[in-house]
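Here's the structure, in C-alpha cells; my notes come after.
In listed order, ligands and their atoms are each counted from 1.
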Amino acid sequence: MILIMNPDIDPKGPEIQQVLDHVKNYPGIKARVHSVAGTTRTLTEVYLIGPTQTIDPEGIAGLPGVERVVRVSERYRVIGRHKGQMEAVGFEYNGLTFNQESFHIFAGLCAVDTREHVEEVMRVLQAHGLSTCRMGAYKPRTSPYDFQGHGRKCLPYVFELAGRYGIKVIAMEVTREDHVDDIRSCLEEAGNPTGVMIQVGTRNAQNFELLKVLGQQQEFPVLVKRGMGITLEESLNACEYVASAGNRKVVFCLRGVKTHLGEPHRNLVDFAHVPVIKRLTRMPVCIDPSHSVGRKDISPDGLMDILHATAQGVIAGANMILVDFHPAPEMALCDGPQALLLEEMETFLKDSKIVREAYEKRRALMRQSAAPSIEAV
Ligand code: PEP
Ligand code: MN
C-alpha cells in the first residue's frame with residue numbers, strides 16, 4: 001500500500017510522524033518514507049509493506065496530509081505505476097531533470113581509448129550545446145581477448161575534461177561494486193567537476209548483488225539496460241531491485257533484443273516498448289539505437305538505420321538517447337562499426353529535434369481530443 005502525501009509536505013514533519021504512529025497499531029507492517037524533490041513540487045510517499053489487507057484504507061486516508069491511498073499490485077512495487085498513480089516519478093541530478101517528460105541526449109564513446117578522443121568528443125558536444133555524454137571505462141566483453149576498457153586509469157582525465165567542457169552527467173557502465181568506489185573517489189579527487197549516471201549493461205541485468213549495491217547508494221542515478229535473453233518483466237525487475245534497495249533514481253534503457261530475427265541489425269529494435277514501459281512504470285525511458293542497430297547502413301531515403309531507429313524511439317516518447325560517436329571509428333577499440341562520426345552529430349541532433357517536436361505535437365493533439373486516462377496495471 002502506498003500513501004501519497006499532499007504536495008510539499010515535510011518528509012520529517014508531524015503529518016508523516018502521525019502516519020508512522022498510526023501504522024504501529026498494525027502488527028507486521030513496515031513503513032518506508034520516499035521523498036523526491038521535483039521542479040514544481042516535492043512528492044512524498046509512504047510505502048507500507050507487510051499484511052496491508054488488515055489496514056482500513058479509509059481510516060488511514062483520513063489522516064492529515066494524506067492525499068490518496070493506493071493499493072499496489074505485487075509487481076514493481078516501487079517503480080510501478082499503480083492504480084491511481086498518475087504522476088511519473090523523476091529526479092534531479094547535477095542540475096538536470098530526468099522524468100517521463102524530459103529529453104536528453106547522451107552521445108559519446110562506447111569505450112574510452114585515448115585522452116585525445118575523449119577531448120575531441122567533448123569539445124564537439126559543447127559546441128552543440130550538449131551537457132550529457134557516454135564514456136565507457138569498464139567494458140564487459142564477450143571474448144576475454146577483447147579490449148576490457150581502461151578502467152580506473154582513464155577516470156581522472158575523463159572527469160577533468162568533462163569539467164572543462166561543461167559536461168554535467170556521464171553515463172558509465174560498471175560491472176562490479178568497486179567500480180562505483182573508483183568513480184566516487186576519482187570524482188572527489190578531481191573536485192566533482194561532473195556527475196555520473198551508473199550504467200548496468202544488458203549482461204548484468206540479473207546480477208542481483210550488483211543491483212542491490214547500486215540501490216543501496218543514493219549518490220548516483222542508475223541506467224538499467226534491458227537484459228539479454230530475458231523477458232521485459234525480468235528486466236523491469238532489475239530496476240525494482242535498485243529502487244527497492246533505496247535508490248529511486250532509475251532510468252530504464254531499451255537496447256534491442258538478441259535474436260537472429262533482427263538481422264541484419266545487431267539486435268531486434270524494440271522501441272515500440274517505450275510507451276509500454278511508461279505505462280507499466282513511472283521511470284524515464286532511454287533508447288540506445290547504436291547497440292540495437294549495430295551498423296551504419298543507409299537506406300535509399302538517405303537516412304541511416306541508426307537515425308531511423310532513433311526516430312522510432314523518440315516519436316514514441318523516449319526521454320533519453322544513448323548513442324555512440326567516435327572521432328575515428330576505424331581506430332575504436334570497441335564497437336567502431338556502429339559509431340557515428342563527429343561530423344554527423346549536427347544532422348543527428350537536428351533530426352532528433354524534428355522528431356521530438358513531432359512527438360510533442362502528437363501529445364498536444366491528444367490533449368485537445370478526449371484525454372485517455374491511464375488504467376493501472
Ligand atoms: C554499452 O552501452 O556500452 C553496452 C555494452 O551496451 P549493452 O550492455 O546494451 O550491450
Ligand atoms: Mn558498445
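Closest to atom 8 (O) of ligand 1, if we only count protein heavy atoms, is Thr202 N, 2.8 Å. Protein heavy atom closest to atom 6 (O) of ligand 1, with residue, atom name and distance, is Lys225 NZ, 2.9 Å.
Under 4.0 Å from ligand 1, not a single heavy atom of Met228 appears.
The Mn ion (ligand 2) has no N, O or S atom of Cys334 under 2.8 Å away, backbone or side chain. For Asp324, every N, O or S atom stays at 2.8 Å or more from the Mn ion (ligand 2).
Taking the Mn ion (ligand 2) as reference, the nearest N/O/S atom within His291 carries the name NE2.
For the pair Met366 and Arg363, the minimum side-chain heavy-atom distance is 4.5 Å or more.
Set against the non-hydrogen atoms of Gln199, the atoms of ligand 1 under 4.0 Å away are 1 (C), 2 (O). Residue Gly201 has at least one heavy-atom neighbour below 4.0 Å for each of these atoms of ligand 1: 8 (O). Proximity to Arg255 (heavy-atom distance under 4.0 Å) selects the following atoms of ligand 1: 7 (P), 9 (O), 10 (O). Applying the 4.0 Å criterion to heavy atoms of Glu173 picks out, from ligand 1, the atoms 4 (C), 5 (C).
Of the candidates Thr202, Asp270, Asp288, Asp270 is the only one forming a side chain to side chain donor-acceptor pair (under 3.5 Å) with Arg226.
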Full working for side-chain hydrogen bond (donor to acceptor under 3.5 Å, both in side chains) between His265 and Asp305: CA-CA 9 Å; His265 293 160; Asp305 290 12; 2.8 Å; yes
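Proximity of Arg226 to ligand 1 is not established, as no heavy-atom distance is less than 4.0 Å.
Few gaps surround CD on Glu234; more than 12 heavy atoms of other groups in view lie less than 6.0 Å from it.
Without hydrogens or angle criteria, Asn25 side chain to His22 main chain gives a donor-acceptor distance under 3.5 Å. When atom types are taken as modelled, the side chain of Glu188 and the backbone of Gly191 share no donor-acceptor pair closer than 3.5 angstrom.
Rounded to 10°, the angle formed at the Mn ion (ligand 2) by OD2 of Asp335 and SG of Cys110 is 110°.
Closest heavy-atom contact between Phe325 and Leu342: CB-CD2, 4.1 Å.
Between Tyr241 and Phe208, the ring center distance clears the sub-6.0 Å criterion.
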